[in-house]
Number of protein chains: 2
Amino acid sequence: MSNRERRATISDVAKAAGVSTSTASVVFSGKVNVAEATRERVLAAASELGYTGPDPRAASLRRGRSGIVGVVLAGHLRHAFLDPVTTAMMDGLTDALADVSTGILLLRDDPFGGEAPPIAEAPMDAVVLIGCSDRIREAVEIVRRRGMPAVVIEGDGDDDLTEISLDNREASAMLARHLADLGHTRVASVALPLGPQRLRGLITPDRLDDATVGVTLDRLAGFRDVYPDAPVISTAGSLIDEGLAAGRTLLGDPETRPTAIVAQSDLLAVGVIRAAEEIGLRVPEDLSVVGFDGIAVDGLGSHELTTVVQPALEKGRAAGEQIARMLAGEPGESVHFTVQFRPGETTAPPARPFR
Amino acid sequence: MSNRERRATISDVAKAAGVSTSTASVVFSGKVNVAEATRERVLAAASELGYTGPDPRAASLRRGRSGIVGVVLAGHLRHAFLDPVTTAMMDGLTDALADVSTGILLLRDDPFGGEAPPIAEAPMDAVVLIGCSDRIREAVEIVRRRGMPAVVIEGDGDDDLTEISLDNREASAMLARHLADLGHTRVASVALPLGPQRLRGLITPDRLDDATVGVTLDRLAGFRDVYPDAPVISTAGSLIDEGLAAGRTLLGDPETRPTAIVAQSDLLAVGVIRAAEEIGLRVPEDLSVVGFDGIAVDGLGSHELTTVVQPALEKGRAAGEQIARMLAGEPGESVHFTVQFRPGETTAPPARPFR
DNA sequence: TTGTATGCGTTATCAT
DNA sequence: ATGATAACGCATACAA
């Protein structure tokens, strides 16, 4: 009724209730027993003064904790959240963090150095770096200097930092071998982006030199372990439309057409299948297709794709758990996950040529 | 090399550099001119001591600003980010907020009241409430008492709060009228969720009493303006699979089958179309379908659906702009957006019966 | 169970 | 251009 100029503070409340500030403070934190009578008196005074509880900013300073965990995503948010794998990870992350954090701070991946990158000035207690590429290096450096716990999900962990990883290479090799076992020799691959520019097109050796996205490179390496010389096309992202475009390119010429395609994500695989259907190819009779992720694509049966299932939600959860550990003073531990092969109905032996 | 116990503070740096703390502070904030020589001395001392800049928590307290804007999304994150409209809004929002905020704090929509809801204790400067339903009321109340600027996107704004809205009812009526003009009389609708429980099924009058989601109700009202008695099925969310399920229900019985369906979102419309295709109905010859949103669905031509286009990105941007205004001390202004009709190829006059 | 005293690390104001 | 000083609002160790 009267606080037009200054918001009430806890000491105002204490004064009005006739107790000390520490008592009032304790009423709100609930960390110490308080006589019911005083408790009520304080609460009454608080509501009288329109006091809504301790100022989080002041509490942060005093406690040395803000309750906020930052998340740095590669690329624009739009892109990040279009990917079901990322979404699932975020879910696991928020789940695991629910007890130690009031929320997730989405940090933009520092556009082009506006002096102080958000990661350097956000009031957070810890940070999760997801699928970052280039800039991860400096981000990690900043975070480390700030003495902040950090976890990297599928980054390139040369360092001794806590990391959540996946057996991308082995998994990809497994998928490639599956095709090899079926007898495929003319095989191609559709890859995720190689770098932040997200260039589309055939991957040449020199393009690999500039490549920075570890996930793409690892999956590519696994593929090349089995098919060293097969053509690979990079895309601008894990999208059905991107797979469609790449598929059209690869399947366009009947002369050079592969009998099987290894897509680096399920969404890309779906796109490739659409491209095949467009030109009348049957899957798997005329073309075998494998994916990666094992996600549930909305609007797809999703039961049929031959792929590997990665524990996306668990990855996020593991990251959250490690953050929680580190926040509790224990050392973080890297966690490595493995995928599981899920046979579907999109692969078969190649059709006999000339028949 | 020696800070094993206590992190260096700005006054340590100042001492080491032989200047006052205020001078050191100013070097980092850059708000006042400092002689180049001292500047360098301070920076040198800082890097010597491993000082990485002002502690954000302390700065927040002193400034009264944390640089953080909270976003409250209805339901689980997983769900929220599956929706292209939400994603687009988030994009616009982060865009508009880039200058006044270091990041977006994703607040979980307080599951079941663990004493202190995150919205009450997060150190943020302002809050955006998106598509919230029930709980928005209390959220708004808390936020208001905290004296925090708040913007509601498509909530129900009985109050005098700043709100970003859309002409849901008019737009829906427009779509319905489009079908009416084509001659359709047997029409049904597939609706978004009515409440947080997300129950599926035919909407009956009593179910409407418990309904809390304004968007759903508004679009439904617009539809009912034209077709007061038409059957409406609610879904669990804006998903292709949900539209598919609802479509199967509505189209299952040839006797009662409608000649046109109004879906409350494009994703639902896509699902309905799939359901129609499943049972051999042609769109639009046998069934007309309209959507809502005008989004680009990955993996869909997306050129053909008859729908209304809503300015999702602009909605987010407007919210961000209002937050920025309010943070600058100006009053917030509600903004109302209108959709645009986009004719596609999924509507046509109904087929003549008995022929 | 309650009160006292301190300092968390900054930044803004005002002098100099 | 630089410095002294006073908050910012709270939570905790400790004493009573």
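All chains are named by letter (A, B, ...) in the order of the sequence lines, taking the proteins before the strands, and each is independently numbered beginning at 1.
- Proximity note for B:Leu61 (side chain, C-beta onward) versus D:dG9, D:dG3, D:dA1: the nearest is D:dG9.
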Quiz item: Under the salt bridge (charged side-chain N to carboxylate O under 4.0 Å, His left out) criterion, do B:Arg62 and B:Asp55 qualify, and how do the steps go?
Solution: CA-CA 11 Å; B:Arg62 178 59 236 231; B:Asp55 178 334; over 6 Å; no
I'd like a table of atom pairs between the protein and nucleotides 12-14 of chain D - only N or O on both sides, under 3.5 Å - with the distance next to each one.
unit_1: D:dT12; atom_1: O4'; unit_2: A:Arg62; atom_2: NH2; d: 3.4

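- One finds no salt bridge joining B:Arg317 and B:Glu314 here, because no Lys/Arg side-chain nitrogen approaches an Asp/Glu carboxylate oxygen to under 4.0 Å.
- In this structure, A:Val42 and A:Ala17 approach most closely via the heavy-atom pair CA-CB, 3.8 Å.
- In this entry the distance linking CG of B:Asp55 with C1' of C:dT11 reads 13 Å, nearest Å.
- Looking at the side chain of A:Ala59, the nearest of the listed nucleotides D:dA11, C:dT10, C:dT2 is D:dA11.
- Across the protein-nucleic acid pair, B:Phe28 atom CZ and C:dT10 atom C1' stand 12 Å apart, rounded to whole Å.
- Although no hydrogens or angles enter the test, the distance criterion places no donor-acceptor pair under 3.5 Å between the side chain of A:Thr23 and the main chain of A:Val19.
- Comment: A:Asp125 does not engage A:Arg146 in a salt bridge, judged by the lack of any side-chain N to carboxylate O separation of less than 4.0 angstrom.
- Across all strands, B:Ser60 comes closer than 4.0 Å to no nucleic acid atom at all (heavy-atom distances).
- Atom CD in B:Glu121 sits about 19 Å away from atom P in D:dG9, given to the nearest Å.
- Between B:Lys15 atom NZ and D:dG3 atom P the separation is 14 Å, expressed in whole Å.
- Spacing between atom CZ of A:Arg146 and atom C1' of C:dG9 amounts to 13 Å, rounded to whole angstrom units.
- Spacing between atom CD1 of A:Ile10 and atom P of C:dT6 amounts to 20 Å, rounded to whole angstrom units.
- Of the listed residues (A:Glu321, A:Glu163, A:Glu154), just one forms a salt bridge (Lys or Arg N to Asp or Glu O under 4.0 Å) with A:Lys315, and that residue is A:Glu154.
- To the nearest angstrom, C1' of D:dC10 lies 15 Å from CZ of B:Arg57.
- The CZ atom of B:Arg65 sits 17 Å away from the C1' atom of C:dT10 (whole-angstrom rounding).
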